[in-house]
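Side-chain atoms are counted along with the backbone in the values below, which use heavy atoms only and exclude waters and symmetry mates. Because the structure is a prediction, the values reported are computed rather than measured. Atoms within each ligand, like the ligands themselves, are counted from 1 in listed order.
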Amino acid sequence: KNLDSALYAAKSNGKNTYFYYDESINKDLMDKIEIQAQLRSAITNQEFDIYYQPQIDLENEKIIGFEALLRWNHPTKGVILPAEFIQVAEETGLIVTIGEWVLKRACEQLKEWENQGFPSVILAVNLSRRQFRDKHLVSMVSNIIEETGIAPNCLELEIKEEIAIEDINYTMQCILDLRQKGVLFSLDDFGTGYSSLNYLKHLPLDSLKLDKSFIDSITEDRDSRAIISTLISLARALGINVIAEGVESGSQEDFLKDAKCNQAQGFLYSEPVPAKAAGRLLEIVREGGKLDGEIWF
Ligand code: C2E
Ligand code: MG
Ligand code: MG
Ligand code: MG
């Protein structure tokens with residue numbers, strides 16, 4: 001809303017009229033307006049890229065698949081992380097266009113890996129609130145699956161817990177519609193949205209992603225460890241995969257294995273890497289190698 005009125009003020013300011021603003025109040029606003037303008041040109045100038053972070057099967061240390069993570073190759077600022085621009089993209093609605101591009105590009109990449117002899121890679125793609133609420137979501141996803149020719153059950157859509165629980169009936173219907181097309185579904189950043197554990201029983205989920213803050217607390221105190229173990233057991237008992245996010249140390253991994261967590265993602269294995277490097281990681285693991293966090297740029 002603030003952004004809209006600032007844009008309105010900027011637009012209605014004719015060339016000869018004197019326009020001023022309070023810098024302290026409008027610093028953030030002007031940043032946002034600038035980011036918004038640059039995001040628009042980023043789309044046309046093809047400045048976006050996707051990095052891929054492996055998700056590991058803790059039982060055999062193989063790569064199950066990757067999470068697609070958006071990067072912005074800014075012409076002067078270099079690589080910009082989503083934290084700097086996703087919110088503005090969301091507020092302005094640009095995320096719908098950007099998100100569609102991400103999905104399309106990620107599915108094309110998935111198809112390439114299939115053609116290179118990696119047919120069962122699962123690709124996880126993040127959906128923002130606006131994308132999730134978009135009435136064309138299901139048809140947009142089906143069209144991309146059809147156009148790229150990927151197997152629908154190799155695509156997993158991630159939605160943050162806090163968004164999923166805002167309107168549980170909508171969430172349920174949306175997941176059911178997508179699952180009918182064969183697409184997998186996971187709940188992202190679990191543990192940060194204060195959802196009732198009861199939802200776990202009702203939502204038809206494939207995976208639950210334990211937020212990094214949980215994983216960080218493993219090494220801190222016994223209570224956290226007890227909570228995490230219980231969550232993992234509960235989810236596994238319900239037939240849901242549990243992915244630990246942000247695993248950085250061997251001791252965290254040891255604990256997770258003991259707690260029967262089945263999947264992990266984090267710098268311990270690999271940072272998000274460009275598509276080519278991700279392909280190389282697939283080859284390394286196929287040849288019997290293990291991911292040890294070394295960066296393959
Ligand atoms: P997320 O979906 O929870 O993704 C995981 C984030 O944790 C990624 O940050 C990843 O680089 C980071 N991460 C993974 N392992 C570790 C670790 O061991 N240590 C640390 N410190 N960090 C780790 P990234 O790529 O900066 O993305 C941040 C968030 O931006 C994502 O969180 C997701 O919510 C959002 N995002 C990224 N790409 C997209 C996209 O294409 N669309 C939408 N809507 N959101 C996206
Ligand atoms: Mg995610
Ligand atoms: Mg997450
Ligand atoms: Mg996160």
> Is there any N or O on Phe267 that sits under 3.5 Å from an N or O of ligand 1?
Replying inline: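 Looking only at distances, the answer is yes, because the N/O contact criterion of under 3.5 Å is met.
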> Quick check: does Gln265 get an N/O under 3.5 Å from an N/O on ligand 1?
Replying inline: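 Gln265 vs ligand 1: no N/O contact under 3.5 Å.
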Relative to the heavy atoms of [X], which atoms of ligand 1 are at a distance of less than 4.0 Å?
| X | answer |
| --- | --- |
| Pro272 | 11 (O) |
| Ser128 | 44 (N) |
| Gln131 | 44 (N) |
| Lys160 | 34 (O) |
| Gly266 | 15 (N), 18 (O) |

> Would the number of heavy atoms belonging to other residues, nucleotides or ligands and lying under 6.0 Å from CD of Gln116 be above 12?
Replying inline: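 Yes, enclosed.
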Donor-acceptor pair between [X] and [Y] side chains, under 3.5 angstrom:
| X | Y | value |
| --- | --- | --- |
| Gln46 | Asn73 | no |
| Lys209 | Gln263 | no |
| Ser128 | Glu90 | yes |

> Aromatic rings Phe48 and Trp72: how do their planes relate, parallel, tilted or perpendicular, breaks at 30° and 60°?
Replying inline: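 Because their plane-to-plane angle lies in the 30° to 60° range, the rings of Phe48 and Trp72 count as tilted.
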> Is the distance from the Mg ion (ligand 2) to some N, O or S atom of Asp189 under 2.8 Å?
Replying inline: no
>> Any N/O/S atom from Asn126 (main chain or side chain) under 2.8 Å of the Mg ion (ligand 2)?
In response: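 Yes, Asn126 qualifies, because one of its backbone or side-chain N, O or S atoms lies under 2.8 Å.
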Just to be sure I'm reading this right: ignoring hydrogens, which of [options] gets closest to [atom]? Compare them by their nearest heavy atoms.
| atom | options | answer |
| --- | --- | --- |
| atom 1 (P) of ligand 1 | Ile95, Leu103, Asp188 | Asp188 |
| atom 43 (C) of ligand 1 | Leu70, Val102, Asn126 | Asn126 |
| atom 37 (C) of ligand 1 | Ala124, Ala106, Pro82 | Pro82 |
| atom 19 (N) of ligand 1 | Glu248, Glu90, Glu271, Gln87 | Glu248 |

> Taking only residues two or more places apart in sequence, or in another chain, which ones meet Arg129 in a salt bridge (charged side-chain N to carboxylate O under 4.0 Å, His left out)?
Replying inline: Glu162, Glu166
>> For N/O/S atoms only: which one belongs to Glu67 and is nearest the Mg ion (ligand 2)?
In response: OE2
> Can you name the N, O or S atom of Glu158 that is closest to the Mg ion (ligand 2)?
Replying inline: OE1
>> Among Leu127, Ile50, Leu123, Leu157, exactly one meets side chain to side chain contact (heavy atoms under 4.5 Å, CB included) together with Leu103. Which residue is that?
In response: Leu157
Quick one: side chains of residues 175-186, donor-acceptor pairs under 3.5 Å with protein atoms, not counting sequence neighbours, listed by atom name and distance.
unit_1, atom_1, unit_2, atom_2, d
Asp177, OD1, Gln173, NE2, 3.1
Arg179, NH1, Pro204, O, 2.7
Arg179, NH1, Asp206, OD2, 3.3

>> I need the Phe255 CZ to Cys261 SG distance, nearest 0.5 Å.
In response: 9.5 Å
Using a 4.0 Å heavy-atom cut-off, say whether [X] meets ligand 1 through its side chain, its backbone, both or neither.
| X | value |
| --- | --- |
| Val247 | backbone |
| Lys209 | neither |
| Ile86 | side chain |

> Can you name the nearest heavy-atom pair linking Phe214 to Gly191, along with the distance?
Replying inline: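 Smallest interatomic distance, heavy atoms only, reads CE1-CA, 3.3 Å.
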> If you look at every heavy atom in Glu158 and Asn126, which pair is closest and at what distance?
Replying inline: OE1-OD1, 3.0 Å
>> Before moving on, can you tell me the angle at the Mg ion (ligand 3) between the OE2 atom of Glu245 and the OD1 atom of Asp188, to the nearest 10 degrees?
In response: 100°
>> Taking Lys257 first and then Glu59, would you say they form a salt bridge - that is, a charged N and a carboxylate O separated by under 4.0 Å?
In response: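 Salt bridge: no.
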